[in-house]
Amino acid sequence: MPSGPLGLPWIGNRHQVPGFMPWKKFEEWNKKYGPVASILLGSTPTIIIGKAQHAWDLLEKRSEIYSSRPRFVMASEILSENRRGLMLPNSNELWKQWRKMLHNGFHIRKAPVYHGIQSLECKVLLKELLNDSKSFDGYLKRFAASIVVAVTYGRRVDSVDEWIVQENIASMDYLTSVNIPGRYIVESWPWLLKLPRSLQWFRKYPEMRKKKDEHYLMHLLNDVRTRMKNGTCPDCLTSLALTDRDKGKVELSDMQLAYAVASPFGAGIDTTAGTLSVFLLAMLNYPEVMKKAQGELDKVVGYDRMPEFHDKEQLPYIVAVINETLRWRPIPVLGGTAHASTADDEYNGNFIPKGSSIYANMYGIMRDEEMFPDANLFQPERFLPRSTSDTTHTDSQHPRINLEFDLPFGFGRRICPGMHLGLNSLFIAVSRILWAFDLRPAREGMVPSPDAFTNHFNSRPLPFECKFVARNEKIANLIEAEWDSVQNQRRVEATRTYAFPSLQEETSLS
């Protein structure tokens, strides 16, 4: 097997995996033992990948072997009774139906369908930030939540304090906290599940959370069903799934369907809002980048209108800022949920046994100095083509980076199905925030630390303060005018038909 730290009998390396930010220890092991290292968590071989090329070699080029999932005792079996498609093995029929449903709803040709709701929600976001800088974190979450709720359930979110949003945030926070490798002994010793139920001490809190999840997810499903009956529900992912099930095209129970359609709701808020928070953190630490990006916006867009999706091709530096945000401090630090191998394999002279868990440690991959020189610095220029005479920045010359930066979204058959929706949300929010505001520390000279992050599976910045100052009076007036027009647009958008395809429709990504 690949090299790695020496473990102990029975427990392997479990005692060496820290409960606090294990991705940093993984990066350390990759530097010491090589870009493909191995440890044992109990009896489970665990492969840690620290370079992008090795992740592409295994998780993409050999996706027929590496597209499954390991066993998740806490995060899947106990917390959701194996209903979350994200954590199911690729041989599972529920996973196949779940994946096809999301591909049909979110593939690249379908992404422009959602531009209207994304633009509308961003105008609301600008008005919120103009009025109240202190609550920006909640506004970012509301922005992300309202988009995914509209697409998934055909309704909007007016406040992050709404019950369904708070339940989702609590649910995702708990899920990401229990999904850290090595944190719970039952993951290494699953035989503990054979103990009398009263002695399985680790069940109490996940089962409490599971009951809350079931309650709010069924509430959302039943709400769509009720609005479908009275004719007030626009086409959305859930309404189309219910219709296809009634036609016999989908074989899922109500509870399975409630979990299946909730995937965008669960994953989309934390990652989108967290990435926008990283973007703000970067702008406060690198004001020269903000000024350069604003210069591009002023040249292409001006002050008479807001940036629109059709401006994207003329805003390469804005796109580079977004890519660098995704690279500089990736939210899914461990590369998302672990993959699992379904057959014995050999790679670069090393044996990878069937049933291994594989983590593409995104924290280490994005800090790889060979691919990303001066990796700790925020340098959008690394994503721009470099002329032969330009020696002012060090960019990555790898073609996979400069053509399309899909690295932050996973690998192979397990790549994030909502990637295009998420990138479009980031583009419209980042471009308009930079067009509208100068971002400044709340207190002069008090710049927040670029390294203060949470200890969750999706690691986002710890709370910090930021001032949003309108760049000029003309922009402020335009934000107010767009807000006034949004009041009517929101009523129209609430009844918009998103024209989802049938779950049986063939797509290029199926």
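Position 1 is the first residue of the sequence; numbering continues from there.
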Engineer: Are Lys25 and Glu28 within salt-bridge range, i.e. N to O under 4.0 Å?
Structural biologist: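 Counted as a salt bridge, because a side-chain N and a carboxylate O are separated by less than 4.0 Å.
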
Engineer: Quick one: does any side-chain atom of Asp345 pair with a main-chain N or O of Ile352 as donor and acceptor, under 3.5 Å?
Structural biologist: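 Judged by distance alone, no pair lies under 3.5 Å.
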
Engineer: Which pair of non-hydrogen atoms, one from Ala429 and one from Leu276, has the smallest distance, and what is that distance?
Structural biologist: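 Nearest heavy atoms, Ala429 then Leu276: CB-CD2, 3.9 Å.
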
Engineer: On the 0 to 90° scale, with breaks at 30° and 60°, tag the Phe26-Tyr359 ring pair as parallel, tilted or perpendicular.
Structural biologist: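 Tilted, since the angle between the ring planes falls between 30° and 60°.
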
Engineer: Is it true that Glu81 and Lys210 have a side-chain N and a carboxylate O under 4.0 angstrom from each other?
Structural biologist: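 Answer for the salt bridge query: yes.
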
Engineer: Between atom OG1 of Thr337 and atom CG of Leu175, what is the distance when rounded to the nearest 0.5 Å?
Structural biologist: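 Reported to 0.5 Å precision, the distance equals 7.5 Å.
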
Engineer: Kindly check if the number of other-residue, nucleotide or ligand heavy atoms within 6.0 Å of CD (Glu207) is above 12?
Structural biologist: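 Above 12, so yes.
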
Engineer: Can you tell me if Tyr174 and Asp213 form a side-chain donor-acceptor pair at under 3.5 Å?
Structural biologist: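 Per modelled atom types, Tyr174 and Asp213 side chains form no pair under 3.5 Å.
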
Engineer: What distance separates Phe72 CZ from Leu79 CG, expressed to the nearest 0.5 Å?
Structural biologist: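 Between Phe72 CZ and Leu79 CG, I get 12.5 Å after rounding to 0.5 Å.
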
Engineer: For the pair Trp95 and Trp98, name the ring-plane relationship: parallel under 30°, tilted 30 to 60°, perpendicular over 60°.
Structural biologist: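 Correct class here is tilted.
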
Engineer: Does atom CD of Glu313 have more than 12 heavy-atom neighbours, drawn from other residues, nucleotides or ligands, at distances under 6.0 Å?
Structural biologist: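 Incorrect, the count does not exceed 12.
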
Engineer: Any donor-acceptor pair under 3.5 Å linking the side-chain atoms of Asp57 with those of Tyr347?
Structural biologist: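 The answer is yes; a qualifying pair exists.
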
Engineer: Under a 4.0 Å threshold between the charged nitrogen and the carboxylate oxygen, would Glu77 count as salt-bridged to Arg71?
Structural biologist: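 Salt bridge flag = yes for Glu77 with Arg71.
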
Engineer: Tell me if the centroids of the rings in Phe405 and Phe383 come within less than 6.0 Å of each other.
Structural biologist: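 Between Phe405 and Phe383, the centre distance is under 6.0 Å.
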
Engineer: Take Glu121 and Arg142 through the salt bridge (charged side-chain N to carboxylate O under 4.0 Å, His left out) test and state the conclusion after the steps.
Structural biologist: CA-CA 9 Å; Glu121 295 299 348; Arg142 186 216 59 80; 2.8 Å; yes

Engineer: With the side chain counted from C-beta on, respond yes when Val278 and Phe453 share a heavy-atom pair under 4.5 Å apart, and no when they do not.
Structural biologist: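 A side-chain contact exists here, since the closest heavy-atom pair is under 4.5 Å.
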
Engineer: Suppose we screen for ring-ring contact (aromatic ring centres under 6.0 Å, His included). Which residues come up paired with Trp201, at least two apart in sequence or across chains?
Structural biologist: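 None.
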
Engineer: Might you confirm whether atom CG of Leu6 has over 12 heavy atoms from other residues, nucleotides or ligands at distances under 6.0 Å?
Structural biologist: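 For Leu6, atom CG is not crowded (no more than 12 foreign heavy atoms under 6.0 Å).
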
Engineer: To the nearest 0.5 Å, how far apart are CZ in Arg245 and CG in Leu240?
Structural biologist: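 Result: 13.5 Å between the selected atoms.
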
Engineer: Is it the case that atom CZ in Phe309 sees more than 12 heavy atoms from other parts of the structure closer than 6.0 Å?
Structural biologist: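 Yes - once you tally the heavy atoms of other residues, nucleotides and ligands closer than 6.0 Å, there are more than 12.
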
Engineer: Hey, are Glu369 and Lys31 close enough for a salt bridge, meaning a charged N less than 4.0 Å from a carboxylate O?
Structural biologist: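 No salt bridge links Glu369 with Lys31.
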
Engineer: Tell me whether the NZ or CZ atom of Arg327 lies within the 45° cone about the ring axis of Phe372 and under 6.0 Å from its centre.
Structural biologist: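 Because its charged atom sits under 6.0 Å from the ring centre and within 45° of the axis, Arg327 does stack over Phe372.
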
Engineer: Nearest 0.5 Å please: distance from the CD atom of Glu187 over to the CG atom of Leu192.
Structural biologist: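 One gets 10.5 Å once the value is rounded to the nearest 0.5 Å.
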
